[in-house]
Enquirer: 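First the structure, which I've put down as structure tokens, then a few questions once you've had a look.
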Amino acid sequence: MKKLIIVLLSTLIFVMIFLSNQTLQILFNDKIWAHKINNIERFDEASIKFYGIEFDLMFYPDSNHFDINHPPDSSFNLSLATYFQKQINNTDYHYWIDFKNLNQLNYLKASYVLDSLVSVYKLNPDKIIIEAINPHLLSPFQQKGYRTSYYVPIDLHKMSEQKRTEQIEQINANLALNKDMYISFEYKDYPILQKSFPDVKKLCWFTLYGSMNKVSARLLVYEILLNPKVEVLLIPFHGKNKKP
């Protein structure tokens, strides 16, 4: 009975360690970044605990204002300058910026205004990833020394084979026109994208298990992190502050 209890406890401890995001941080510190850090309280915590953070950004060209927000969430009127100011002169800190409203009318101006802020706060463009759904809008950021990522269509694993093939062909066409760019996607689409684009640099996020078995999902996460072509995996972080 004693041996059985020891085995059960050991198994439980192993499972807890295996499923823990803290384990991921210990083993893959530079690859594990915090997801959706869209308020200042979470930023203050996450910027200490993580190698880098990801946040959502809106740009308003009429006022040259960057608002950290993910519509339809309510805006906290949190400016990008507030984040950058807290890391002034820290050229080693990493940011992943998910542009939510980058378009043909604002992308050029957004690149100049962002570059001005980065210069003011003496940050390193090479440590900043700019992500957008339309990869053709990322070229001015790339030319200014930022890393760029093409946010590919979501839920490829749920699509019919025909629809998925069409999407893969479109991704391939976009990458052919936009060189040296990452692709970014949810972890569940990794097997498909790794098979189709094994040599493309990748960024990924793991936020919910959903209907996926936890053990299978965690094994997939480890496979992703062990791939040298994957540079970042985002994980959830709420900290003491529970705002989204």
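Computed from a predicted structure; not experimentally measured.
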Enquirer: Side chains of Leu233 and Phe28: closer than 4.5 Å at any heavy-atom pair?
Expert: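 They are not in side-chain contact.
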Enquirer: Is there a path of hydrophobic side-chain contacts, each under 4.5 Å between heavy atoms of I, L, V, M, F, W or Y residues, that connects Leu156 with Val221?
Expert: yes
Enquirer: So, for Ile40 and Lys86, which heavy atoms are closest and what is the spacing to 0.1 Å?
Expert: CD1-CE, 3.4 Å
Enquirer: Can the ring centres of Phe55 and Trp33 be said to be less than 6.0 Å apart?
Expert: no
Enquirer: Would you mind reporting whether Leu117 and Leu123 have side-chain heavy atoms less than 4.5 Å apart?
Expert: no
Enquirer: Looking only at side-chain N and O atoms, does His94 offer a donor or acceptor that is under 3.5 Å from a partner on Asp30?
Expert: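 No, His94 and Asp30 have no side-chain donor paired with an acceptor closer than 3.5 Å.
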Enquirer: Would you confirm whether Asp44, through its side chain, and Glu41, through its main-chain N or O, come within 3.5 Å as a donor-acceptor pair?
Expert: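 Checking the backbone N and O of Glu41 against the side chain of Asp44, no donor-acceptor pair under 3.5 Å is found.
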Enquirer: Who passes salt bridge (charged side-chain N to carboxylate O under 4.0 Å, His left out) against Asp62, sequence neighbours left out?
Expert: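 With neighbours one apart ignored, the set is empty.
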Enquirer: Report the residue from Val152, Ile224, Val230 that forms a side chain to side chain contact (heavy atoms under 4.5 Å, CB included) with Lys202.
Expert: Val230
Enquirer: Could you tell me if the side chain of Asp67 sits less than 4.5 Å from the side chain of Leu57, heavy atoms only?
Expert: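 Heavy-atom side-chain distance check fails, nothing below 4.5 Å.
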Enquirer: In terms of hydrophobic clusters joined by side-chain contacts under 4.5 Å, are Leu27 and Ile32 together?
Expert: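 Yes, same cluster.
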Enquirer: Yes or no on side-chain hydrogen bond (donor to acceptor under 3.5 Å, both in side chains) for Gln194 and Asn227, after CA distance, side-chain angles and deciding distance?
Expert: CA-CA 10 Å; Gln194 175 60 18; Asn227 183 346; 3.1 Å; yes
Enquirer: Side chains of Asn38 and Leu78: closer than 4.5 Å at any heavy-atom pair?
Expert: no
Enquirer: Who else is in Ile26's hydrophobic cluster (ILVMFWY, side-chain heavy atoms under 4.5 Å, direct or via others)?
Expert: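 None; Ile26 is a cluster of one.
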Enquirer: Could you work out, with ring pair (Phe, Tyr, Trp, His ring centres under 6.0 Å) as the rule, every residue matching Tyr182, not counting sequence neighbours?
Expert: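 Residues passing ring pair (Phe, Tyr, Trp, His ring centres under 6.0 Å) with Tyr182: none at all.
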Enquirer: I'd like to know if the side chain of Tyr51 reaches the main chain of Gln25, judged simply by a donor and an acceptor atom lying under 3.5 Å from each other, with no hydrogens or angles considered.
Expert: no
Enquirer: For the rings on His65 and Phe59, is their centre-to-centre separation under 6.0 Å?
Expert: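 No: the rings miss the under 6.0 Å criterion.
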Enquirer: Asn90: what forms a side chain to side chain donor-acceptor pair (under 3.5 Å) with it, not counting sequence neighbours?
Expert: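 Checked Asn90 against side chain to side chain donor-acceptor pair (under 3.5 Å); matches are Gln87.
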Enquirer: Checking Phe197 now: which residues fulfil ring pair (Phe, Tyr, Trp, His ring centres under 6.0 Å) with it, not counting sequence neighbours?
Expert: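 Phe197: no ring pair (Phe, Tyr, Trp, His ring centres under 6.0 Å) contacts found.
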Enquirer: Contact between Leu80 and Phe84 at the side-chain level, heavy atoms closer than 4.5 Å - yes or no?
Expert: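 The answer is yes, as the side chains (C-beta and beyond) meet within the 4.5 Å cut-off.
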Enquirer: Atom OG1 in Thr148, atom CG in Asp180: separation rounded to 0.5 Å?
Expert: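 So the gap between those two atoms works out to 7.0 Å.
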Enquirer: Give a yes-or-no answer on whether the side chains of Ser75 and Asn69 include a donor-acceptor pair shorter than 3.5 Å.
Expert: no
Enquirer: Picking from Lys214, Lys188, Arg218, what satisfies side chain to side chain donor-acceptor pair (under 3.5 Å) with Tyr209?
Expert: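 Looking at Lys214, Lys188, Arg218, the match for Tyr209 under the side chain to side chain donor-acceptor pair (under 3.5 Å) is Arg218.
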Enquirer: Provide the closest heavy-atom pair for Tyr187 versus Ala217 in the form atom of the first, atom of the second, distance.
Expert: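 Taking Tyr187 first and Ala217 second, the nearest heavy atoms are OH-CB, 3.7 Å.
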Enquirer: Are Ile154 and Glu186 side-chain neighbours, meaning at least one heavy-atom pair lies under 4.5 Å?
Expert: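 With C-beta onward as the side chain, the pair stays apart.
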Enquirer: Do Lys195 and Tyr190 touch side chain to side chain, with heavy atoms closer than 4.5 Å?
Expert: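 No, their side chains stay 4.5 Å or more apart.
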Enquirer: Compare every heavy atom of Pro135 with every heavy atom of Asn178, then report the nearest pair and how far apart it is.
Expert: OD1-O, 3.3 Å
Enquirer: In Å and rounded to the nearest 0.5 Å, what is the CZ to OG distance from Phe99 to Ser149?
Expert: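 These two atoms lie 13.5 Å from each other.
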Enquirer: Got a donor-acceptor contact below 3.5 angstrom from the Arg164 side chain to the Met159 backbone?
Expert: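 Checking the backbone N and O of Met159 against the side chain of Arg164, a donor-acceptor pair under 3.5 Å is found.
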Enquirer: With sequence neighbours excluded, tell me which residues meet ring pair (Phe, Tyr, Trp, His ring centres under 6.0 Å) with Tyr150.
Expert: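 For Tyr150 there are no ring pair (Phe, Tyr, Trp, His ring centres under 6.0 Å) partners, ignoring immediate neighbours.
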Enquirer: Would you say the side chains of Asp115 and Tyr146 form a donor-acceptor pair under 3.5 Å?
Expert: yes
Enquirer: Hey, could you give me the NZ/SG distance between Lys31 and Cys204, rounded to the nearest 0.5 Å?
Expert: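 Between Lys31 NZ and Cys204 SG, I get 10.5 Å after rounding to 0.5 Å.
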Enquirer: Using every non-hydrogen atom in the two residues, find where Asp98 and Tyr151 come nearest and quote the distance to one decimal.
Expert: OD2-CE1, 4.0 Å
Enquirer: Working to the nearest 0.5 Å, report the span between NZ of Lys127 and CG of Asn124.
Expert: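 So the NZ of Lys127 and the CG of Asn124 are separated by 5.5 Å.
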Enquirer: Can you confirm whether the side chains of Thr82 and Ser79 place a donor and an acceptor under 3.5 Å from each other?
Expert: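 On atom types as modelled, these side chains qualify, holding a pair under 3.5 Å.
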Enquirer: Are the side chains of Gln167 and Thr165 in touch, meaning some heavy atoms are under 4.5 Å apart?
Expert: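 Not touching, per the 4.5 Å side-chain cut-off.
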